[in-house]
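To start, the structure itself, in structure tokens.
Remember, it's a predicted structure, so these values are computed and weren't measured experimentally. Each chain gets a letter, A, B and so on, in the order the sequences are listed, and its residues count up from 1.
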Amino acid sequence: MLQEEINSSSQEESELFGDLTAPQRQAVRTTEGPLLVLAGAGSGKTRVITRRIAYLIRQGVPPWSILAVTFTNKAAAEMRERVLHVLGHDPRQTRGLTVTTFHSLCARLLRRYAEAAGLKPEFSIYDSADQATLAKRVIAELQLSTSNWPPRSVLSAISSAKNDLLDAEEFAARAHDFYSRTVAKIYQGYQKALRLAGAVDFDDLLVLTAKLLKGNEQVRRECNERWRYLLIDEYQDTNHAQFVIASLIAGNGEEGRPPNICVVGDPDQAIYGWRGADIENILEFEKSYPGTNVITLGENFRSTAPILSAADRLIRNNTRRKHKDLFTSRQGGDRVEVTLTRDENHEASLVVDWLKSVKDERDGSPTSLTWREMAVFYRTNSLSRVIEDALRSAGIPYTIARGTAFYDREEVKTAVAYLRLVANASDDVSLGRVVNTPTRGIGATTFRKIEEHALRHGTPVLQAMRNAGQILDVAGRGAAAVGKFVEMIDEWTGSGTFMGASVSATLAELVSRIIRDSGLEAMYRAQAKASGSDADMERLDNLDELVSSARQFEMEFDAMADPASQTHDEDGLARPDDSTPPLLAMLRAYLESIALVADADAVDASQGAVTLMTLHAAKGLEFKAVAIIGLEEGQLPHSRARESIEQLEEERRLCFVGITRAMRRLLMTSSRYRTMRGIPERTIPSRFLDELPREVTVFSDQAEVTGGLEDFIERGEGPGTRFEPEGEFAPRDSKRAKLAWSSSSAKNAAFPVGAIVRHPQFGEGEIVTITAGANARATIRFRGVGTKTLVLEYARLTRVR
DNA sequence: TTGCGATCCCTTTTT
DNA sequence: GGGATCGCAA
């Protein structure tokens, strides 16, 4: 404490600003009023945000009056950690600081102000599977067929309505054609079913919060008063609902001054248009807050010049774009490698070889790369499988950034459904999932009868089950089974009170008890015993893992820091709310944390493994070496995105995001053939490859290079083995372009494409293609002997001319 | 009521 | 190629 007072302000200055550029400093210092920071890729955005928060606190702004919104929980946790670091690891300095995602923030506000929002505080958060289950039921109740009204597409229409803050009634009022009128009906039924189940979907979190803030002055005032400094990261990916929430929380500012709201984003990295994100939000921001300060951060501190130049040239092809110069003062760096492969297996093995070579190349040197510094990106999740297989068989450790993967496991989902039912007795979707898992004699017929009864009376299904014996024509056997089930639930919850001697004391205890008492564990144990398969053993492990995760959560959970269960005194200090049993409060928070995990949350650099993820999940991250696979028309740009210029440009931005993640090495592959739903299809290289500047890329066509000897001899002229540029990718003079690309490889300058060489055995031949790297191979067309592929190092070639 | 096998449909990206 | 769903047999 004393030490801090001794600190001279100049010392603080250099701590906070010493390593910042002028625009970065300005972004940190401009704390008052609306501020828009246009931060180019790799421009030190995170650093600026972190310093800004630290600076505010140093200036005497109470930490609890600062709200920072990030895109993922992971980013939020990291930001909090970094702020703490800058402030010298004194936890008192960040007490009450809120760093969170929009969805978490909303979930917490809705829990805290549940009554005002028209919800019960134990509301469940439905994921897309739950949503589909519910939508299906609603569609069936409306006597519509799910083949004419596929739940997923109806849900996506509902979702975009919600992102524009259109509720079911407003949507219905605007629906004029048959299709949208029907969707409106489903929308209304779906919302009713959600509320009946005491559940909200992801979009509801935003919609209901916006509604709450708009309609309830007291709540709005409380938020305005608490959070005086608002900071929003990845602003280019916020949608209308999020914008409204942000402005409502920011309020009107004090004493006629505009509110202190700072948004940070990069229009070139807007990749969530399909989710309702609107680049226009940035324009809207300046309109809503006249006199907004705008600061542009253009200098890149992440990537080498060739990588940056590739990214810059690519993104220049977007027409609907405000150009922003990307520049670096760094010199040198390896060129971007662009490689054409035969099929996805070939591509995978090539990527694996590349990763290995990148690792070896730098081994022993001070700049040696480790697995954790490498990543593989792809457009669609389905592309990960082949890469995974290749990495596994090569013995390279890898992790996939799929945050939800664990909770998507059948056994984990079932266990979580029990927990949700325990927390929220109205949760019919969860009830439906667990009622007969493991089988306990409550079959489909019995359950349907109960469901119908519940529907008629407008009660939750579990409620109807309590009366099953008397009211329904459920057979005695069924009624007994139902009675036993209800009894089991009551036993866990203390009949809903979460009090009493028989109720678990801790969350982990509750989870493990439910897994045991429900018979889930016994069921999977029996299965594992019967099959003896690893997969079934793994299920048991996963259930154990769930208990561990609950224990972990319990340790980290800080009731005082949970905005959902606290109120604030005048001075902003938290006071715990004691009307909720602690176990229930913790269970709610735990389930919420499970519901809101993001894929990117699973990125864990400490694992020492190569990270695999979609381009979307890669946003905000950086790696020393990056491989992007599947650069083909239909894949990237995706076939579903080719309809409009807007969509195509979003695909280009996606590619841009991928490229700009790479710090030192970048490989982009395109496969000549790709197996789609079991059928190998010929592909066309992505137009984006053609947009990369030749002078910073090394192109290599490995599509002709094959593994086995007989595979490549005399294969040169066969169909599909040659690279023939097509469509957009084909330059006017493809031969010359190819030559230019190939010969740009400095390493193989001795044997450029077109050179005539002599081989001791095969005689004279012409170099057709050549690849880069340590194991460079050349495809050579020999006179009379045919085309062969040879590894340069061993081929004993001499150049003739 | 349960469990297994055949058939159908699919395919973007995610909080 | 694979996951989900449906239908049928025990």
Side-chain angles (χ1 to χ4, degrees), chain A residues 69-76 100-107 125-129 131-133 136 146-147 150-153 155-156 159 162-163 200-207 234 237-239 241-242 270-277 344 377-386 389 401-404 408 410 436-448 475 477-478 481 527 530 592-602 613-619 630 634-643 647 650-651 653-655 657-658 674-681:
Chain A
V69 182
T70 60
F71 211 66
T72 63
N73 298 301
K74 181 92 189 312
T100 184
T101 65
F102 265 111
H103 286 85
S104 295
L105 174 71
C106 291
I125 301 171
Y126 277 1
D127 66 17
S128 35
Q131 286 178 279
T133 307
K136 234 176 274 175
T146 44
S147 45
R152 303 235 170 235
S153 48
L155 281 169
S156 95
S159 173
K162 286 184 177 181
N163 285 326
V200 300
D201 62 20
F202 287 127
D203 302 317
D204 278 343
L205 290 172
L206 304 177
V207 174
E234 306 288 4
D237 284 324
T238 56
N239 59 35
Q242 289 166 326
I271 54 175
Y272 283 96
W274 51 275
R275 212 169 74 182
E344 64 271 24
F377 303 155
Y378 33 81
R379 174 69 235 264
T380 58
N381 282 301
S382 59
L383 293 198
S384 74
R385 170 170 250 106
V386 193
D389 291 344
R402 280 228 100 180
T404 53
D408 278 343
E410 179 199 293
N436 206 29
T437 314
T439 53
R440 49 170 71 91
I442 309 175
T445 324
T446 307
F447 191 63
R448 198 179 50 243
R477 193 157 34 99
Q527 261 179 39
E592 179 189 301
S593 77
I594 290 174
L596 299 178
V597 286
D599 281 358
D601 293 340
M613 68 181 99
T614 63
L615 285 162
H616 282 90
K619 189 176 69 163
Q635 193 64 232
L636 183 67
H638 196 269
S639 54
R640 294 282 294 259
R642 274 190 301 208
E643 290 148 30
Q647 286 179 319
E650 180 154 315
E651 296 291 305
R653 290 193 292 270
L654 200 48
C655 189
V657 166
R674 189 170 296 280
T675 307
M676 308 291 284
R677 22 167 218 240
I679 302 155
E681 277 168 20

According to a strict under-4.0 Å criterion, is A:N163 in side-chain N/O contact with OP1 or OP2 of B:dT15?
-> no
Would A:Y272 count as stacked on B:dT14 if the rule is ring centres under 5.5 Å and plane angle under 30°?
-> no
Separation of B:dT14 P from A:D201 CG (nearest whole Å) = 18 Å
Answer with yes or no whether A:R379 presents, from its side chain, a donor or acceptor under 3.5 Å of a partner atom in the base of B:dT13.
-> yes
From B:dT2, B:dT15, B:dT12, pick the nucleotide closest to the side chain of A:R275?
-> B:dT15
Assign A:N436 to base, sugar-phosphate, or nothing according to its heavy-atom contacts below 4.0 angstrom with the strands shown.
-> sugar-phosphate
Does any donor atom in the side chain of A:E592 or A:S104 lie under 3.5 Å from an acceptor atom in the other side chain?
-> no
OG1-CZ distance between A:T238 and A:F71, expressed to the nearest 0.5 angstrom = 8.5 Å
Should A:I271 and A:L615 count as side-chain neighbours, where that means a heavy-atom distance under 4.5 Å?
-> no
Is A:E651 salt-bridged to A:R379, going by a charged N under 4.0 Å from an acidic O?
-> yes
Nearest listed nucleotide, side chain of A:T614, among B:dT1, B:dT14, B:dT15 = B:dT14
If you take all heavy atoms of A:A481 and A:G441, which pair is closest and at what distance?
-> CB-O, 4.1 Å
Spacing between A:E681 atom CD and B:dC10 atom P, to the nearest angstrom = 16 Å
Leading and trailing nucleotides of DNA chain C with any atom under 4.0 Å from heavy atoms of chain A | C:dG1 to C:dT5
Looking at A:N73, does any N or O in its side chain come under 4.0 Å of the phosphate oxygens OP1/OP2 on B:dT15?
-> no
Whole Å only: how far is the CE atom of A:M676 from the P atom of B:dT11?
-> 12 Å
With sequence neighbours left out, what residues match A:D201 under side-chain hydrogen bond (donor to acceptor under 3.5 Å, both in side chains)?
-> A:Q131, A:K162, A:Y190
Sugar-phosphate only, base, or nothing, as touched by A:K619 at under 4.0 Å among non-hydrogen atoms | nothing
Go through the structure and list residues passing ring pair (Phe, Tyr, Trp, His ring centres under 6.0 Å) with A:H103, not counting sequence neighbours.
-> none
Between A:Q131 and A:G441, just flag the one whose closest nucleotide in DNA chain B comes earlier from the 5' side.
-> A:G441
Among the nucleotides B:dT13, B:dT15, B:dT12, which one has an atom lying closest to any side-chain atom of A:H616?
-> B:dT13
P-based separation of B:dT11 from C:dC6 [nearest Å] | 15 Å
Value in whole Å for how far the C1' atom of B:dT13 lies from CZ of A:F202 | 15 Å
Could you please name the option among B:dT12, B:dG3, B:dT14 that lies closest to any side-chain atom of A:H638?
-> B:dT12
Nearest-Å distance for atom pair CZ/C1', residues A:R152 and B:dT12 = 13 Å
Among the candidates B:dT2, B:dT15, B:dT12, find the nucleotide nearest to the side-chain atoms of A:T380.
-> B:dT12
Provide, to the nearest angstrom, the distance between the CH2 atom belonging to A:W274 and the P atom belonging to B:dT11.
-> 14 Å
Specify the separation, in whole Å, of atom CZ of A:R640 and atom P of B:dT12.
-> 4 Å
Map A:Q647 and A:A595 onto DNA chain B by nearest heavy atom, then report which one ends up closer to the 5' terminus.
-> A:Q647
Contact class for A:T445 vs. all strands (heavy atom < 4.0 Å): base, sugar-phosphate, or nothing?
-> sugar-phosphate
Would you indicate whether the side-chain heavy atoms of A:R152 and A:L155 approach each other to under 4.5 Å?
-> no
Grab the CZ-C1' distance between A:R385 and B:dT11 for me, whole Å please.
-> 14 Å
Do any N or O atoms from the side chain of A:N163 and from the backbone of A:R275 form a donor-acceptor pair under 3.5 angstrom?
-> yes
Given B:dT13, is OP1 or OP2 found less than 4.0 Å from the side-chain N or O atoms of A:N381?
-> yes
